[in-house]
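Let me begin by presenting the structure, written as structure tokens, before commenting on it.
Letters A, B, ... are given to chains in the order of the sequence lines, protein chains preceding strands, and every chain is numbered from 1.
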Amino acid sequence: MATVNFDEYKNIWVFAEQRKGKLMNVAYELLGEGYNLSRELGDGCKVCALIVGKDIGGLAEECFAYGADKVYTIDDDLLEVYTTDGYTKVVTEAINEFKPEIVLYGATFIGRDLAPRCAARLDAGLTADCTHLNVRVKNYIDYAEKNTTLNTESLDPEDPAKNLLMTRPAFGGNLMATIVCPTTRPQMSTVRPGVMDKLEKREGATGEIVKIKCELSKDDIRTTVKEVVKAAKELVNLIDAEIIVSGGRGVKNADGFEVIRNLADCVGGVVGASRAAVDSGWIEGSHQVGQTGTTVKPKIYIACGISGAIQHQVGMQTSDIIIAINKDNDCPMMHLADYALEGDLFKVIPELIAEWN
Amino acid sequence: MKIIVCAKQVPDTNEIKINPETGTLMRDGVPSILNPDDANALEMALEIKDNNPDTEITVISMGPPQAKVMLEECIALGADKCILISDRAVGGSDTWATSNAIAAAVRKLDGFDLIIAGRQAIDGDTAQVGPQTAEKLDIPQVTYVKEYKFSDDMKSVEVKRALEDGYQIIDVKLPCMLTAIKELNTPRYMTVDGIMRACDPNLEIKVWGAADIEVDLDKVGLKASPTNVFRSFTPKPKGKGVYIEGDTPKEKSQNLVTGLKAKHII
């Protein structure tokens with residue numbers, strides 16, 4: 001690998017993913033996280049949004065309102081819909097020209113297509129699907145002591161390195177690993193949607209907009225997107241839900257989910273599900289919570305008939321309050337729960353609905 | 001058609017337990033399996049071969065010598081040839097270094113029309129090696145493939161690519177890289193014939209070292225990898241919650257709601 005002059009690399013970039021002219025939620029979350037990291041880094045470090053698409057200039061304002069100090073745009077007809085080749089070319093060329101120190105992408109189905117392709121072209125390190133980021137070891141120690149079993153004695157709180165410390169689950173969430181890229185720049189990461197906090201909206205905030213010239217030709221793109229189809233069914237909005245009522249194996253069949261829906265309606269929540277329930281075909285995959293589904297952190301998570309496999313826990317354990325309803329008082333979910341109610345969900349839920357109102 | 005399938009042997013993460021005293025992973029006795037998404041990738045190749053008998057399927061993997069067992073399973077399922085990249089020099093590779101090694105091995109083969117990989121492996125969940133290998137080979141990619149249809153001349157393929165809120169229909173010319181998700185198909189079982197073939201003493205699973213694939217040693221292995229593990233640990237177990245007392249479902253429900261109201265949760 002070529003020696004990299006670290007001093008040339010400055011600022012934090014967020015790939016502010018948009019689809020059909022609308023920013024993805026994760027773009028706001030990354031701007032919030034990028035803002036905090038840039039202030040942690042200090043030294044005039046800025047958080048910058050990179051917006052790629054067609055007629056996307058209007059999105060800059062949104063990015064400023066949610067924390068961006070500066071916005072880069074790449075606007076071209078050929079960038080209207082996402083293509084791996086088109087986006088990789090313009091994003092890597094922009095990175096090579098402006099040399100950000102850190103680049104964050106949302107770990108969406110598009111971010112996870114684009115980021116590895118960019119990392120391979122740039123010969124830069126990339127960490128997938130991160131759930132926690134730090135640059136100062138001192139803050140990392142605080143996080144680790146609060147949330148993990150890591151022995152932090154060997155860490156130096158005043159470590160001057162300020163590498164990006166990228167923490168992510170592995171082995172189905174059984175293990176957490178913190179990854180660093182000590183020798184290459186930029187340091188890149190895809191970040192799991194729904195995990196980072198967006199900033200309070202700052203109406204009317206502005207900043208510098210840099211329009212990057214697009215040098216893309218039709219021949220650069222080797223795929224043809226013939227159609228983009230939105231799922232007919234309303235997208236299940238688990239990420240923004242304040243209350244989620246989830247069903248698992250204990251729900252027994254598709255009809256059983258009627259009971260879960262009733263409780264969700266009663267408490268003003270959204271219906272979630274475990275992998276077991278989805279794999280059994282009782283409910284659609286869009287409801288799935290967990291490592292292979294959606295990661296959620298609602299105010300209240302009610303787990304009904306869910307034993308609590310690690311892969312499910314990873315997706316909901318940061319919920320503010322967890323209520324478990326289960327026949328088996330010894331299952332992992334009952335241990336994880338803040339409130340454990342032992343009993344048959346089909347008998348408990350109707351009573352609970354009556355009491356809740 | 002010449003198809004390359006990328007496969008990885010992984011521990012069955014559903015079976016992994018954590019030692020409650022030390023907080024470490026207990027990997028002993030955890031079965032090693034063919035990574036589930038890679039099984040979907042292989043199944044797609046086998047379907048193509050079902051319809052086009054002159055198809056040749058080569059499975060490439062990288063890992064320790066034990067991964068041969070997984071490749072024998074691929075033979076039993078219907079793959080024609082298997083190659084295992086196994087060498088201390090490539091040990092500890094991150095996704096970037098792994099893609100350099102796989103791309104180097106692919107270049108040693110006698111051409112290809114299609115590479116199919118699983119979207120991601122269940123041990124690392126990175127979903128990076130497929131796209132990074134495609135980039136190193138300078139071929140187009142489509143990830144998250146859930147349906148496909150070849151053109152009549154088999155020179156291009158139209159795929160349905162999943163998105164969180166729908167899908168895209170994408171047309172791509174061969175050669176290209178596709179990554180498979182579980183919705184793509186249901187992997188078949190091994191056949192008796194296949195198992196016989198996998199047991200054939202003449203069957204050779206080629207093991208290639210770094211020298212065989214002529215890879216630049218500055219591009220593989222732990223030292224060359226741009227990402228390093230800084231620390232690893234397990235999440236902290238949560239403090240004990242409240243067990244809701246009561247003799248009947250009604251009483252328990254009352255106590256739960258009262259408790260939530262007392263704490264101003266609802």
Residue, of [options], that accumulates the most heavy atom pairs under 4.5 Å with chain A:
options: B/Ile265, B/Val257, B/Val242; value: B/Val242
options: B/Thr179, B/Val229, B/Ile139; value: B/Ile139
options: B/Thr258, B/Thr126, B/Asn255, B/Val172; value: B/Thr126
options: B/Cys176, B/Gly259, B/Pro140; value: B/Pro140
options: B/Lys182, B/Lys263, B/Arg119, B/Arg161; value: B/Arg161

In Å and rounded to the nearest 0.5 Å, what is the [atom1] to [atom2] distance from [X] to [Y]?
X: B/Gln141; Y: A/Thr88; atom1: CD; atom2: OG1; result: 6.5 Å
X: B/Glu245; Y: A/Leu341; atom1: CD; atom2: CG; result: 10.5 Å
X: B/Leu256; Y: A/Glu351; atom1: CG; atom2: CD; result: 12.5 Å
X: A/Ile323; Y: B/Ile244; atom1: CD1; atom2: CD1; result: 8.0 Å
X: A/Leu114; Y: B/Thr143; atom1: CG; atom2: OG1; result: 10.0 Å
X: B/Phe230; Y: A/Asn163; atom1: CZ; atom2: CG; result: 8.5 Å

Given side-chain contact (heavy atoms from CB on, under 4.5 Å), test A/Arg19 with B/Asp165 step by step and report yes or no. CA-CA 11 Å; A/Arg19 294 187 196 170; B/Asp165 55 353; 3.5 Å; yes

Under a plain distance cut-off of 3.5 Å, with no hydrogens placed, do B/Arg231 and A/Ser154 share a side-chain donor-acceptor pair?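 Judged by distance alone, the side chains do pair up.
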
Can a side-chain donor-acceptor contact be found between A/Thr149 and B/Thr234 if the only test is distance below 3.5 angstrom? yes

Please classify the contact of B/Tyr144 with chain A as side chain, backbone, both or neither, using a heavy-atom distance under 4.5 Å.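 Just its side chain gets close to chain A.
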
Indicate yes or no: at least one non-hydrogen side-chain atom of B/Trp96 is less than 4.5 angstrom from one of A/Leu126. no

Quick one, B/Ser253 and A/Val348 - any side-chain contact, counting heavy atoms below 4.5 Å? yes

Region of [X] that comes under 4.5 Å of a non-hydrogen atom in chain B:
X: A/Arg275; result: side chain
X: A/Ala309; result: neither
X: A/Asp279; result: side chain
X: A/Thr108; result: both
X: A/Ala354; result: neither
X: A/Glu242; result: neither
X: A/Asp85; result: side chain

Counting N and O atoms only, with roles assigned by atom type, does the side chain of [X] sit under 3.5 Å from a partner on the main chain of [Y], one being a donor and the other an acceptor?
X: B/Lys252; Y: A/Glu342; value: yes
X: A/Lys226; Y: B/Asp171; value: no
X: B/Gln254; Y: A/Glu355; value: no

Looking at chain B, which one of A/Lys146, A/Met334, A/Gln187, A/Arg168 has the largest number of heavy-atom pairs inside 4.5 Å, strictly under?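 Option with the greatest count: A/Arg168.
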
Checking B/Asp138 against A/Arg121 for the salt bridge (charged side-chain N to carboxylate O under 4.0 Å, His left out) test, could you report, in this order, the C-alpha distance in whole Å, the side-chain angles of both residues, the deciding distance, and whether it holds? CA-CA 10 Å; B/Asp138 195 20; A/Arg121 191 163 302 178; 5.5 Å; no

Would you please test B/Phe233 and A/Thr167 for side-chain contact (heavy atoms from CB on, under 4.5 Å) and show each step? CA-CA 10 Å; B/Phe233 48 85; A/Thr167 303; 3.8 Å; yes

Audit row: B/Asp125, A/Arg112, salt bridge (charged side-chain N to carboxylate O under 4.0 Å, His left out) steps and yes/no: CA-CA 11 Å; B/Asp125 283 328; A/Arg112 296 186 80 178; over 6 Å; no

Worked check of side-chain contact (heavy atoms from CB on, under 4.5 Å) between A/Ile300 and B/Leu260: CA-CA 10 Å; A/Ile300 306 177; B/Leu260 292 173; 5.6 Å; no

